[in-house]
Amino acid sequence: MPELPEVETTVRGIEPWLKGSRVTRVVVREPRLRWPVPATVQAATGQTVKRVRRRAKYILVDFENGSLLIHLGMSGSLRVLTEQANLRKHDHFDIEMEQCMIRYNDPRRFGTLLWLEPPAEAHPLLSALGPEPLSNDFHGEYLYASSRSRKVAVKNFIMDGKVVVGVGNIYVSEALFMAGIHPARAAGRVSRARYRGLAEAIRDVLGRAIREGGTTLRDFSGSGGEPGYFAQNLLVYGRAGQPCFQCSNPVRQKVIGQRSSFYCITCQH
DNA sequence: AAATTCTCCTGAAGGC
DNA sequence: TGCCTTCAGGAGAATT
């Protein structure tokens with residue numbers, strides 16, 4: 001499940017192949033994704049890529065008069081192909097360039113391909129998003145201020161894209177453990193000092209994952225291309241029943257906000 | 001407004 | 001071994 005670090009790694013991987021190059025063709029062979037891929041994506045044909053960037057977990061391919069928006073959903077991935085390659089099951093679309101092609105594969109079809117008229121930031125999917133977790137706008141004070149009177153579990157609060165973007169189920173579990181905060185605690189009942197620690201933990205865990213993804217990222221072309229986001233050793237996520245690295249008590253697993261949460265009842269309060 | 005539930009889909013894992 | 005069931009999960013939409 002691609003989280004922010006993998007999306008970032010993907011962006012860095014494909015940008016050198018796309019930037020300054022022209023789209024020669026967009027082939028949509030299986031339009032059934034999160035939303036049906038609209039015919040308007042053909043607007044990219046013939047245009048030159050100005051840049052490739054990430055906002056939350058969205059990939060934006062910017063052109064002079066619009067942007068392609070790509071989301072990897074749960075199971076999406078992009079590959080750069082420089083020569084003919086057989087189609088695989090769940091290959092949804094290709095963006096053909098002068099020197100290569102970007103091929104999107106997504107078994108579970110939770111991903112997205114849309115065409116956005118400028119300014120892209122005004123699009124409903126992007127306009128209400130919170131700050132980037134690695135930006136200067138994101139810090140403990142911000143979390144503290146925006147969580148007052150909020151009763152939702154702090155875990156759900158952090159996963160809310162209007163609060164901060166791109167912190168998914170895996171990394172929120174990791175960051176809460178690092179900060180010693182119980183995931184089910186009401187967001188409004190977390191102290192300023194602990195929010196400082198949490199913001200720091202989020203920044204740390206995402207930053208590390210991106211750096212590790214960057215090291216496993218080589219040329220991003222060919223068959224492999226899978227960003228190595230799981231290279232990171234996880235402290236609690238997926239470790240139910242195994243000893244906590246800090247106190248050796250078994251890690252608990254419980255569903256909070258419809259999603260599995262992993263935490264240590266001794267170390268997190 | 002805020003919180004909760006529903007929804008999309010398929011591969012993997014578990015049960016017998 | 002193999003078939004059937006269950007479940008996970010990003011995030012917008014719908015509902016309470």
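Just the heavy atoms: all of them, side chains too, but no hydrogens, waters or symmetry mates, feed the values below. Each chain gets a letter, A, B and so on, in the order its sequence line appears, and its residues count up from 1.
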May I ask you to evaluate whether [X] reaches the phosphate of [N], defined as a side-chain N or O under 4.0 Å from OP1 or OP2?
| X | N | value |
| --- | --- | --- |
| His90(A) | dG11(B) | yes |
| Arg109(A) | dT10(B) | yes |
| Lys162(A) | dA2(B) | no |

Between [N] ([atom2]) and [X] ([atom1]): distance, integer Å:
| X | N | atom1 | atom2 | value |
| --- | --- | --- | --- | --- |
| Ile158(A) | dG10(C) | CD1 | C1' | 17 Å |
| Met159(A) | dT4(B) | CE | P | 14 Å |
| Tyr58(A) | dG12(C) | OH | C1' | 8 Å |
| Glu30(A) | dT10(B) | CD | C1' | 13 Å |
| Gln258(A) | dC6(B) | CD | P | 8 Å |
| Met74(A) | dT10(B) | CE | C1' | 10 Å |
| Asp160(A) | dA3(B) | CG | C1' | 10 Å |
| Ile170(A) | dG10(C) | CD1 | P | 7 Å |

*Any donor-acceptor pair under 3.5 Å between the side chain of Arg259(A) and the base of dG10(C)?*
yes

*Inspect the contact between Glu121(A) and Arg53(A) and indicate whether a charged nitrogen and a carboxylate oxygen are less than 4.0 angstrom apart.*
yes

*Applying side chain to side chain donor-acceptor pair (under 3.5 Å), run through Asn105(A) and Lys89(A) and close with a yes or a no.*
CA-CA 8 Å; Asn105(A) 184 281; Lys89(A) 201 175 176 183; over 6 Å; no

*So which one's nearest nucleotide on DNA chain B is more toward 5', Arg32(A) or Arg150(A)?*
Arg150(A)

*Identify, between Arg108(A) and Gly257(A), the residue whose nearest nucleotide on DNA chain B lies closer to the 5' end.*
Gly257(A)

Could you check which of [options] has an atom nearest any side-chain atom of [X]?
| X | options | result |
| --- | --- | --- |
| Ser260(A) | dT10(B), dG12(C), dA8(C) | dA8(C) |
| Pro107(A) | dG10(C), dT10(B), dA8(C) | dT10(B) |
| Lys151(A) | dG11(B), dG9(C), dA3(B) | dA3(B) |
| Leu125(A) | dG11(B), dC8(B), dG12(C) | dG12(C) |
| His71(A) | dG10(C), dG11(B), dA3(B) | dG10(C) |

_A side-chain contact here means heavy atoms from C-beta on lying under 4.5 Å apart; do Leu4(A) and Glu6(A) qualify?_
no

_Ile59(A) and Leu78(A), any side-chain heavy atoms less than 4.5 Å apart_ = yes

*Please say whether the positively charged group of Arg239(A), taken as NZ for Lys or CZ for Arg, lies over the ring of Tyr237(A), i.e. under 6.0 angstrom from the six-membered ring centre and within 45 degrees of the axis.*
no

*Just wondering, do Phe110(A) and dG9(C) stack (centres under 5.5 Å, planes under 30°)?*
no

